[in-house]
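Structure first, then comments.
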Amino acid sequence: MADSWTVQRAGPGDAARTQAREQLLEAARELYGVNGYRETAEHDVCAAAGVPVEVLRQEYGSREGLLIALHNRVTTTGLRAMERALLIEGIDTCSIADRVRLLFDAYVEAVTADPREARVTFVEVLGVSAVVDEHCKLWRALWTEFLTGEAERAVERGEAEDRDHRVDVMVMVGAVHELMAHHTRRSRRARPGEVSGELTELALTMLGSQRSGEA
């Protein structure tokens, strides 16, 4: 399959590179997400993508760099879904319980739509290397900032305990990822609504807030 790369490269350089990067990401999603990252060699990914190993190394550095890129793409999709949820008409007047549920509904739906992507994002990145761990740590820090803002908003509205929730949010972010990994590993795939419901209850408990439907 890699022989076809010589033909594809005849086009504009930027377009060929973009195509190669997408082919590698698609191959990684399939192989890392079905067979597992540790069971997939560089040449396996490149054969599936139809590009030489040199192209993978040029574009992503290594199969580890490709794993990071795929994780980054899926996690960014989840973040963008939550940002769009914040633009829903009427969300500014929602209770904290409803607002958190809407945010987690959007996030879970986005990152679990493809089971292969969910496996890569919450399972295959675990324990790979210090580099991958640092990448995930940076994302956890970003999530902490995002959700701390939500917690501060809830405090201002009198819907959460009046205290610094940053540590709570840091713990919550870790718990969210562990819960997502748990559901991803299960043979019976949980419905998105079930997962986001669990995440909502966890978040409200940590914020010291009331649940949906409570007085």
Side-chain angles (χ1 to χ4, degrees), residues 33 70-126 133-186 188-215:
L70 183 56
H71 175 272
N72 194 60
R73 184 171 75 170
V74 178
T75 309
T76 299
T77 298
L79 178 61
R80 296 290 178 258
M82 293 182 86
E83 290 175 338
R84 287 194 297 273
L86 290 175
L87 299 176
I88 294 173
E89 184 176 357
I91 194 168
D92 287 337
T93 58
C94 284
S95 68
I96 182 61
D98 290 340
R99 185 179 174 97
V100 169
R101 182 58 189 260
L102 284 170
L103 290 174
F104 277 128
D105 279 348
Y107 173 73
V108 173
E109 186 71 36
V111 299
T112 65
D114 189 318
R116 298 167 299 178
E117 293 183 347
R119 176 175 170 178
V120 169
T121 304
F122 300 107
V123 177
E124 294 304 316
V125 295
L126 300 177
D133 288 347
E134 184 62 25
H135 168 78
C136 294
K137 181 179 178 181
L138 291 173
W139 263 109
R140 286 195 295 272
L142 190 153
W143 283 118
T144 297
E145 289 297 319
F146 182 90
L147 294 173
T148 296
E150 287 298 304
E152 291 171 350
R153 178 184 181 279
V155 169
E156 291 174 359
R157 288 166 56 97
E159 295 179 314
E161 294 180 2
D162 187 4
R163 55 187 169 83
D164 186 353
H165 286 281
R166 179 169 291 275
V167 174
D168 294 333
V169 172
M170 290 174 64
V171 173
M172 182 176 68
V173 168
V176 166
H177 282 79
E178 288 187 15
L179 184 60
M180 294 297 294
H182 166 72
H183 281 293
T184 300
R185 291 189 183 101
R186 293 176 64 187
R188 184 189 74 83
R189 188 183 180 198
R191 293 189 295 272
E194 295 174 337
V195 180
S196 61
E198 292 178 21
L199 296 179
T200 299
E201 291 299 308
L202 172 66
L204 295 178
T205 297
M206 289 188 167
L207 292 175
S209 182
Q210 294 177 336
R211 312 298 196 275
S212 298
E214 290 187 358

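- A heavy-atom distance below 4.5 Å is found between the side chains of Asp168 and Arg163.
- Taking CG from Asp92 and CZ from Arg157, the interatomic distance works out to 8.0 Å, rounded to the nearest 0.5 Å.
- Under the 4.5 Å side-chain criterion, counting only non-hydrogen atoms from C-beta, Glu150 is in contact with Leu86.
- Among all heavy-atom pairs drawn from Val111 and Gly78, the shortest one is CG1-CA, 3.8 Å.
- Note that OG1 of Thr75 and CG of Leu142 are 10.0 Å apart. Values are rounded to the nearest 0.5 Å.
- For the pair Phe146/Glu83, a side-chain contact is recorded, criterion being any heavy-atom separation below 4.5 Å from C-beta on.
- At least one side-chain heavy atom of Val173 sits under 4.5 Å from a side-chain heavy atom of Leu147.
- Contact record, Leu103 with Ala85: CD2-CB, 4.0 Å, taken as the closest heavy-atom pair.
- The minimum heavy-atom distance linking Met180 with Thr184 is given by the pair O-OG1, 2.7 Å.
- In this structure, the side chains of Val176 and Trp143 stay at 4.5 Å or more apart for every pair of heavy atoms.
- At a threshold of 4.5 Å between non-hydrogen side-chain atoms, the residues Leu179 and His183 count as touching.
- Salt-bridge check for Arg166 with Glu145: passed, with a basic side-chain N closer than 4.0 Å to an acidic carboxylate O.
- If you take CD1 on Ile96 and CZ on Arg153, they are separated by 6.5 Å, rounding to the nearest 0.5 Å.
- Counting all heavy atoms, side chain and backbone alike, Val123 lies closest to Ala181 at CG2-O, 4.1 Å.
- Going from atom NE2 of His177 over to atom CZ of Arg140 covers 7.0 Å, rounded to the nearest 0.5 Å.
- Here the OG1 atom belonging to Thr205 is positioned 11.0 Å from the CE atom belonging to Met172, to the nearest 0.5 angstrom.
- Side-chain N or O atoms of Ser196 include one that pairs as donor or acceptor with a backbone N or O of Gly193 at under 3.5 Å.
- In this structure the side chain of Val108 reaches within 4.5 angstrom of the side chain of Leu199, judged on heavy atoms.
- Side-chain contact check for Asn72 versus Trp139: some heavy-atom pair is nearer than 4.5 Å.
- Nearest approach of Arg119 to Gly33, heavy atoms of both residues: CD-O, 3.2 Å.
- Between Val125 and Asp133, the shortest heavy-atom distance links the atoms O-OD1, 4.4 Å.
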- Intermediate values then yes/no, salt bridge (charged side-chain N to carboxylate O under 4.0 Å, His left out), Asp105 and Arg101: CA-CA 6 Å; Asp105 279 348; Arg101 182 58 189 260; 2.9 Å; yes

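- Within the model, atoms CD of Glu156 and CG of Asp162 stand 10.0 Å from one another, a figure rounded to the nearest 0.5 Å.
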